[in-house]
Novice: 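The structure's right below; bear with me while I get my questions together.
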Amino acid sequence: MIEGLLDKVRNQKPLVHHITNIVTVNDCANVTLALGALPVMAHALEEVEDMVKAASGLVLNIGTLTPKQVESMIKAGKKANEFGIPVVLDPVGAGATPLRTESAKRILGEVKVSVVKGNSAEIGVLAGAGGEIRGVEAVGSSENLLAAAKDMAKNLGATVVISGARDVVTDGERVAFVDNGHPWMGTITGTGCMLASVIGSFCGVERDYFKASVAALVAFGLAGELAANRPEVRGPASFKVCFFDELYNLSGEKIRAGMKYSIV
Amino acid sequence: MIEGLLDKVRNQKPLVHHITNIVTVNDCANVTLALGALPVMAHALEEVEDMVKAASGLVLNIGTLTPKQVESMIKAGKKANEFGIPVVLDPVGAGATPLRTESAKRILGEVKVSVVKGNSAEIGVLAGAGGEIRGVEAVGSSENLLAAAKDMAKNLGATVVISGARDVVTDGERVAFVDNGHPWMGTITGTGCMLASVIGSFCGVERDYFKASVAALVAFGLAGELAANRPEVRGPASFKVCFFDELYNLSGEKIRAGMKYSIV
Amino acid sequence: MIEGLLDKVRNQKPLVHHITNIVTVNDCANVTLALGALPVMAHALEEVEDMVKAASGLVLNIGTLTPKQVESMIKAGKKANEFGIPVVLDPVGAGATPLRTESAKRILGEVKVSVVKGNSAEIGVLAGAGGEIRGVEAVGSSENLLAAAKDMAKNLGATVVISGARDVVTDGERVAFVDNGHPWMGTITGTGCMLASVIGSFCGVERDYFKASVAALVAFGLAGELAANRPEVRGPASFKVCFFDELYNLSGEKIRAGMKYSIV
């Protein structure tokens, strides 16, 4: 189902427009390039509509949001909707402050989002299932999370991705579990943000966003596993170098051999 | 005195809220994670109070300040004061432009800061001892710097850290010299900013901020020394990778074996 | 002609003031340091004039521009003109949105720029020769580009640099081709931005900006070639580490041995 999508990304080189945070913006650009897609970052209210029109995907990340930036996100999101361009929302820190929770909800209310990707706390908060967050890291989640995420997906007409040791993907009907990934990925900042870039890249070449999200999680997690096996890894920074390299060196063949997911 | 603090950081994982510059924000997040603490970056005036309330430390860095960002810093700083959360100020480039000098002074006037950390020129300018700065790098400092720093510490009721080949720490009474560190650290941008993150992390677990600052300088400098000894180092970028890795791999035992400081 | 300029950068350590984008600002600072110059990043309208006065070069990069940031660029640029400090413009994404095209033109109209550096599409658009751009990457350019760039250089009284597999430099009279460089450089984000920092550093020590630009392109491209030959390179991230290291380890001797340029 998903093995051929990486080649599609590399052949089509989808342009992925990001309105994102200042912490991990460089990593998001490099991960998009390493995968084979083309990143562009632009946030001025005066140009986001012009930029997104040329793109094949839009990634909105509220990691260091301001009210003004949220305006740009909504403007870009509406234009993306008009042109049928997939929108990925990464509601970083939803639940940590009212500004984050309300901004995420406002974007979901005003923009038709294709994929919402968060950790268990962020999705729990937005799905109404609760969740505990410290800063931007989940420290607790509800047992009812999957059911709530399915409802959320149905209500939004979107795919919901809950990232974690075992990732969960649902479009309200289908549910997938992805077990690719490695604990090293949690030792560096921005893996969540980078994952959203990878999802945006796959959505740029595959209109079944559930399938695109599963493919993105598998590719991203497998690159982490392959990197973790490299003899160069001595800590988080050497892991990060290997991780980007392995994403660049990933192939359909490696994905076929290493993918760990199930659809229920 | 300080050997046990690193384990405390790793056990307690203090959340360190940063309002910082766009140049080194990613490095600050990663250095905080590598040490074992939890970073969060948030600067919107509308959320800084909510974010800092959940934190164990606040780091304010004026490296790419705007007047609006300074408002956020003061708002967050006052809230931190209200909750007894330690505040670390990194007055990047104080002395280089009036905006930087005045903003640093304004923050020190309106917020009760726990630690002020700067190079010899930045501290010299703020302590009234003079100092010469090019961009954000000290190129000259006063001979009276230590006495001025002690007075500054007393007046502010704060710990003052002067980073350099030999770091100086004073709370107005005690003075410590720290000789850990390595010249490679000066070849990459942001070591000063990262040091402030490390100080903020230690202050999150140790209420004697003089002691926390000494511990931070020792850990940070020792990681630099250990990294410099790695055979992988061929220049500043490979050094940086090793530096983050060594910070991650640091232990109380390594600190006991390698710490170089004296208190007078 | 150019072999001695790197040593001049290292001896004089020119301060290079950047007003630049949030994506690659850290890389620009580190590349400037690796070369031997001193970076400073400052964008507040309230301080750019004070900062640029102390600098030996100013780099303006519109990669994540806002109208407010463009005001800061123009204010800093005019002050640089007043003090005879060279200004390098990197019109990232000119042609991709009206805001970018118009802002680049406005800067060129209000500030006397010393060097304009862009890819074939950006320069093509600004020189009136046309050009196709996706996001911020050139995907097509005019056959008349060199002639248009020469006219542009003459009209502006500036040096125009078109970066690509074969770089082109012209001041309207002289034309140079630089063939140093390596395809790995295109696999990471920000090589264009970093190149502008390197040009700004060389312009800080050499008033013949045509010559400074050629020297910058040779040094930058040669570092890429030397990095690509390193056995550590397994992908874009390990290449990037080697690239910064090689730039740091560059010497006049290596440049003499490896430079590939011709002036016609």
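Heavy atoms only: backbone and side chains are in, while hydrogens, waters and symmetry mates are out. Lettering of chains follows the sequences in order, A, B, ..., and the numbering in each one begins at 1.
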Novice: Could you tell me which residues in residues 70-82 of chain C have at least one non-hydrogen atom under 4.5 Å from a non-hydrogen atom of chain B, sorted by residue number?
Specialist: none
Novice: If you compare all heavy atoms of B/A96 against all heavy atoms of C/M51, which two are closest, and at what distance to 0.1 Å?
Specialist: CB-CE, 4.2 Å
Novice: Is the backbone of C/S163 close enough, under 3.5 Å, to the side chain of C/N119 for a donor and an acceptor to pair up by distance?
Specialist: no
Novice: Counting only heavy atoms closer than 4.5 Å, note whether C/E49 contacts chain B via side chain, backbone, both or neither.
Specialist: neither
Novice: Parallel, tilted or perpendicular, judged at 30° and 60°: which one describes the rings of C/F239 and C/W184?
Specialist: parallel
Novice: Find the distance between CG (B/L217) and CZ (B/F202) and round it off to the nearest 0.5 Å.
Specialist: 10.0 Å
Novice: Contact part of C/V25 toward chain B, heavy-atom cut-off under 4.5 Å: side chain, backbone, both or neither?
Specialist: both
Novice: Does B/Q69 reach the main-chain N or O of B/T20 with its side chain, forming a donor-acceptor pair under 3.5 Å?
Specialist: yes
Novice: Treating B/E225 as the side-chain partner and B/G181 as the backbone partner, does any N or O pair qualify as donor plus acceptor under 3.5 Å?
Specialist: yes
Novice: What part of C/K13 gets within 4.5 angstrom of chain B, counting heavy atoms only: side chain, backbone, both, or neither?
Specialist: both
Novice: May I ask you to decide if C/A37's main-chain N or O and C/T32's side chain share a donor-acceptor pair within less than 3.5 Å?
Specialist: no
Novice: Can you say whether B/D27 sits under 4.5 Å from chain C via the side chain, the backbone, both, or neither, judging by heavy atoms?
Specialist: side chain
Novice: Would B/K117 and B/E122 satisfy salt bridge (charged side-chain N to carboxylate O under 4.0 Å, His left out), going step by step from the backbone distance to the final call?
Specialist: CA-CA 9 Å; B/K117 190 279 310 165; B/E122 290 157 353; 5.3 Å; no
Novice: Quick check on the interface: out of C/H18, C/E47, C/H17, who has the most heavy-atom pairs with chain B under 4.5 Å?
Specialist: C/E47
Novice: Going by an N to O cut-off under 4.0 Å, is there a salt bridge joining C/E102 and C/R106?
Specialist: no
Novice: At a heavy-atom separation under 4.5 Å, does B/V241 approach chain C through its side chain, its backbone, both, or neither?
Specialist: side chain
Novice: Taking side chain as everything from C-beta outward and backbone as N, CA, C, O, which of these in C/A54 sits under 4.5 Å from a heavy atom of chain B? Side chain, backbone, both or neither.
Specialist: neither
Novice: Look up atom CG in C/N30 and atom CZ in C/F243, then write down how far apart they are to the nearest 0.5 Å.
Specialist: 12.0 Å
Novice: Which atom names give the shortest non-hydrogen contact between C/L5 and C/A215, and what distance separates them?
Specialist: CD1-CB, 3.6 Å
Novice: Minimum heavy-atom separation for B/L156 to B/K112, with atom names?
Specialist: O-NZ, 3.2 Å
Novice: If you count heavy-atom pairs within less than 4.5 Å of chain B, which of C/N249, C/L247, C/L38, C/V16 leads?
Specialist: C/L38
Novice: Quick one: does B/R100's side chain have a donor or acceptor within less than 3.5 Å of a partner on B/V92's backbone?
Specialist: yes
Novice: Going by residue number, which parts of residues 60-68 of chain C are within reach of chain B, meaning a heavy-atom gap below 4.5 Å?
Specialist: none
